[in-house]
Amino acid sequence: MSSFSILVESNQAGDFRATVLGLPECHAQGATRDAALTNAKAVLTDRLATAELVSIELPPPSDARRVAGNFKADPQWNEFQAAIVADRQVLDAELAEEYRQMDEAAERANSGQSAA
């Protein structure tokens, strides 16, 4: 027998909705929590009668995922992050200025065409 996680929520009307986690289209409602769970079990049973759950193998995580969090205790990590933020702010300001100049040039070009 397989086990499934069910999210049970009550709505504003006082009814309950039971959703099979991982299968959001498998859900049911009921006047009570137990009724919603019973109805969800029936929906899931019907769904699995014409389908199957299959486990697949995935490749190992990328190098980036393996090293994620390695620097959390590094005393310079916050300084490093602050430097990235500061560099990004400079780049954003440069881009904003470039876009402003492009907009001004386009306005001048449009003004020249309008006058002609």
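All values reported here derive from a predicted model rather than from experimental measurement. Reckoned from all heavy atoms, side chains included, excluding hydrogens, waters and symmetry mates.
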Above 12 or not: heavy atoms from other molecules or residues under 6.0 Å from CZ of F80?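 No, not enclosed.
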Nearest 0.5 Å, please: how far is [atom2] in [Y] from [atom1] in [X]?
X: M102; Y: L95; atom1: CE; atom2: CG; value: 10.0 Å
X: E97; Y: D92; atom1: CD; atom2: CG; value: 13.5 Å
X: E79; Y: I84; atom1: CD; atom2: CD1; value: 12.5 Å

Closest heavy-atom contact between [X] and [Y]?
X: T32; Y: F16; answer: C-CD1, 3.4 Å
X: Q29; Y: N39; answer: O-ND2, 2.6 Å
X: A36; Y: A28; answer: O-CB, 4.1 Å
X: L44; Y: C26; answer: CD1-SG, 4.4 Å
X: H27; Y: V43; answer: O-CG2, 3.9 Å

Under a single-linkage definition using a 4.5 Å side-chain heavy-atom cutoff for Ile, Leu, Val, Met, Phe, Trp and Tyr, are I6 and L53 assigned to the same hydrophobic cluster?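 Looking at the clustering, L53 is in the same group as I6.
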Checking L91 against E94 for the side-chain contact (heavy atoms from CB on, under 4.5 Å) test, could you report, in this order, the C-alpha distance in whole Å, the side-chain angles of both residues, the deciding distance, and whether it holds? CA-CA 5 Å; L91 289 173; E94 290 172 356; 3.8 Å; yes
Could you walk me through whether R47 and V20 pass the side-chain contact (heavy atoms from CB on, under 4.5 Å) test, one step at a time? CA-CA 11 Å; R47 176 75 186 274; V20 180; over 6 Å; no
Taking the side chain as every heavy atom from C-beta outward, state whether Q81 and V85 have any atom pair closer than 4.5 Å.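 They are not in contact (no side-chain heavy atoms under 4.5 Å apart), so the answer is no.
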